[in-house]
Amino acid sequence: FVVFRLRKDGSSFRVESDNALVTVGRLADFMVIAAPGRSEIAVFESSLSVRNTLAYVIGSVNVGVNQRTLQRRSRKS
């Protein structure tokens, strides 16, 4: 699906799946493919920040134009 929403200056946008949190501080074209335990985020224009929603995983990754990242839950043995 496609989300398009007119925004005002200073607004932000956030998408949360079961294992990834995507934060966009300004206008950006991106996609999120979410499945149980797996989220893929790709950026077409601008940049955004992605972090894992698991409490024991710290840090975030900045994703820019023509980049993508994959957030996965670890497989249990």
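Because the structure is predicted, anything quoted here is derived from the model rather than measured. Computation of the quantities below employed the complete heavy-atom set of this structure, encompassing side-chain atoms and omitting hydrogens, waters and symmetry-equivalent molecules.
Here CZ of Arg38 is found 7.5 Å from CD1 of Ile33. Values are rounded to the nearest 0.5 Å.
The heavy-atom pair separating Asn19 from Gly37 by the smallest distance is ND2-O, 3.3 Å. Contact detail for Ala28 and Val24: the closest heavy-atom pair is CB-CG1, 3.7 Å.
Applying the side-chain hydrogen bond (donor to acceptor under 3.5 Å, both in side chains) criterion to Glu16, with sequence neighbours excluded, gives Arg14. Take Arg68 and apply the side-chain hydrogen bond (donor to acceptor under 3.5 Å, both in side chains) test, not counting sequence neighbours, and it matches Glu40.
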Could you pull out every donor-acceptor pair under 3.5 Å between side chains of residues 42-53 and any protein atom, sequence neighbours left out?
unit_1: Ser46; atom_1: OG; unit_2: Arg26; atom_2: NE; d: 3.2
unit_1: Ser46; atom_1: OG; unit_2: Leu27; atom_2: O; d: 3.2
unit_1: Ser47; atom_1: OG; unit_2: Arg26; atom_2: NH2; d: 3.1
unit_1: Asn52; atom_1: OD1; unit_2: Leu54; atom_2: N; d: 2.9
unit_1: Asn52; atom_1: ND2; unit_2: Gln71; atom_2: OE1; d: 3.3
unit_1: Thr53; atom_1: OG1; unit_2: Asp18; atom_2: O; d: 3.1

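Annotation for Val65: hydrophobic cluster partners, listed by chain and number, are none (ILVMFWY side-chain heavy atoms under 4.5 Å, direct or chained).
Residue Val63 is grouped with residue Val15 when hydrophobic side chains (ILVMFWY) are merged at heavy-atom distances under 4.5 angstrom, including chains of intermediate members. Hydrophobic cluster membership differs between Leu70 and Phe30, with clusters built from Ile, Leu, Val, Met, Phe, Trp and Tyr side chains linked at under 4.5 angstrom.
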